[in-house]
S.K.: 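Before I ask anything, let me first share the structure, which is written out below as structure tokens.
None of the values given here were measured: they were computed from a predicted structure. Numbering of ligands and ligand atoms starts at 1, following listing order.
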Amino acid sequence: MSTSSSSPVFSPAMEPDEGARAATELFREVFEAEPDGVWSAPGRVNVIGEHTDYNGGLALPIALPHRAYLALRRRDDRTVRLVSTQTREQVDVLDLDEIGPKGSPGEVRHWASYIAGVAWALEQEGVSDLPGFDAALVSCVPLGGGLSSSAALECSAAVAIDEVAGLGLAGSAEQPDDAGRARLVAVCVRTENEMAGAPTGGMDQSASLRCREGHALELDCRDGSVTHVPFDLAAEGLALLVIDTKAKHSLVDGQYGARRAACERSARILGIELLADLSAQDLPAALERLEASEQGSQEDADILVRRTRHVVTEIARTKELVALLQDGRPLAGEKLAAVGALMDASHESLRVDYECTCPELDTAVEAARAAGAHGARMTGGGFGGSAIALVDAGAVQEIARAVAAAYESQGFNPPAFLDAVPSAPAGRVH
Ligand code: GLA
């Protein structure tokens, strides 16, 4: 079957009412009861600052309108029953006293680990005797698209459990408690690292729990501090087009972990805790040291040089882009060109130095730029997943068509597109 390049496919976000209704209906159908409420949490795209989070650097994510909706009801025992639209026929039944991390006898499989795992991680962090719960999940965050579909599950469970168990960490959607949410971020990261076995940093969960509507989140991963940077692209006649390459993307297949391990090795050789401790000025000397370091082979040393150069230059680019967004001038003309150039340079660094792009990502970025995007780059972990392009609002369809046409001519599967409007963080819907 071939999809015509003249009709790019957009993945729409559910409206909150629609998501809440669908999750409630699934809950009623399967559990024959009313849920206590529906909570939702967004996926994210990162504007810039990639592979910096586990290095203590800066990232700049926004929350997507695409969210996971979780209808949930507290139980009086320690049982957890889970169902989703994708596994409607099969309810996962778990016991909070028996579940455990990946590789242990209590290992929880697939998506259920992201939900039940949050209760497990909360208890590991000192919250005792959580109640069990029944929950029904409906999500419109594309799976495996590098848009943090798993963080959306974790964060929807975190705010739901927080409320039904009376933990009081998250605050309300209107008045979020940011310090409490930072604690929930740590819980969700632990879920991802230990229950799902993905050695990720905290950017995705921070975005889902701590972003604000109409803003990008400047996240300092060294101390967890955040700044909400106004990012109302529509008001500037612009849009952020997400291109889901549909190329396989996994954070547990070793490539992501290998990048992280290389960064940690560089930091050890340089005698610093995290690569974010290295300033752009210190970079040339540090790279010389890495080159001369006693590595197994010259190839190893070269890899450390390139990984380190990406991280340090990416943090500098992120700082620069945030400063531009905050300078009070309209996002147009030279300023728009400068923002686009930083995005382009980020992609180039990820392609050449971090080696985590792939032909589908590179094609998406090149085709978007050729069709008039101001800047384009891969977003998220890479090795597949999604790219973003900063485009004129009126050019979205045309640029999407050009990317779809480039995919067709390369023989790739058709990509999907999303409109990335900076949206609200995790919270209760109904
Ligand atoms: C994935 C991880 C994040 C982050 C990005 C790369 O999305 O989950 O923690 O490391 O990759 O910036």
S.K.: Quick one: does Gly49 get an N or O within less than 3.5 Å of an N or O on ligand 1?
M.R.: no
S.K.: Determine whether the side chain, the backbone, both or neither of Gln205 has a heavy atom under 4.0 Å from any heavy atom of ligand 1.
M.R.: neither
S.K.: Looking only at non-hydrogen atoms, which of Thr52, Asp53, Asn46, Thr379 approaches atom 3 (C) of ligand 1 most closely?
M.R.: Asp53
S.K.: Go through ligand 1 atom by atom and flag the ones less than 4.0 Å from a non-hydrogen atom of Tyr256.
M.R.: 1 (C), 2 (C), 3 (C), 4 (C), 9 (O), 10 (O), 11 (O)
S.K.: When the ring planes of Tyr354 and His51 are compared, do they come out parallel, tilted or perpendicular, using 30° and 60° as the limits?
M.R.: tilted
S.K.: Could you tell me whether the side chain of Ser386 and the main chain of Val242 form a donor-acceptor pair under 3.5 Å?
M.R.: no
S.K.: Can you list the ligand 1 atoms lying under 4.0 Å from a non-hydrogen atom of Gly201?
M.R.: 9 (O)
S.K.: Got a sec, which residues hit salt bridge (charged side-chain N to carboxylate O under 4.0 Å, His left out) with Asp220, two or more places apart in sequence or on another chain?
M.R.: none
S.K.: Among Leu290, Val311, Asn55, find the residue that satisfies the side-chain contact (heavy atoms from CB on, under 4.5 Å) test when tested with Ser266.
M.R.: Leu290
S.K.: Which of the numbered atoms in ligand 1 are under 4.0 angstrom from any heavy atom belonging to Thr200?
M.R.: 2 (C), 8 (O), 9 (O)
S.K.: Of all the atoms in ligand 1, which lie at a distance below 4.0 Å from a heavy atom belonging to Met203?
M.R.: 4 (C), 5 (C), 12 (O)
S.K.: Does a donor on one side chain sit under 3.5 Å from an acceptor on the other, for Asp282 and Ser279?
M.R.: yes
S.K.: Should you measure from each heavy atom of Glu50, which atoms of ligand 1 turn up under 4.0 Å away?
M.R.: 6 (C), 12 (O)
S.K.: Check whether any N or O atom of Arg44, backbone or side chain, sits under 3.5 Å from an N or O atom of ligand 1, and answer yes or no.
M.R.: yes
S.K.: Only distances under 3.5 Å count here; give the side-chain donor-acceptor pairs of residues 318-325 to other protein atoms, sequence neighbours excluded, each with its distance to 0.1 Å.
M.R.:
from: Thr318; atom 1: OG1; to: Gly49; atom 2: N; distance (Å): 3.4
from: Thr318; atom 1: OG1; to: Glu314; atom 2: O; distance (Å): 2.7

S.K.: Determine whether the side chains of Arg317 and Ser349 contain a donor N or O and an acceptor N or O closer than 3.5 Å.
M.R.: yes
S.K.: Numbering the atoms of ligand 1 from 1, which are under 4.0 Å from a heavy atom of Tyr54?
M.R.: 10 (O)
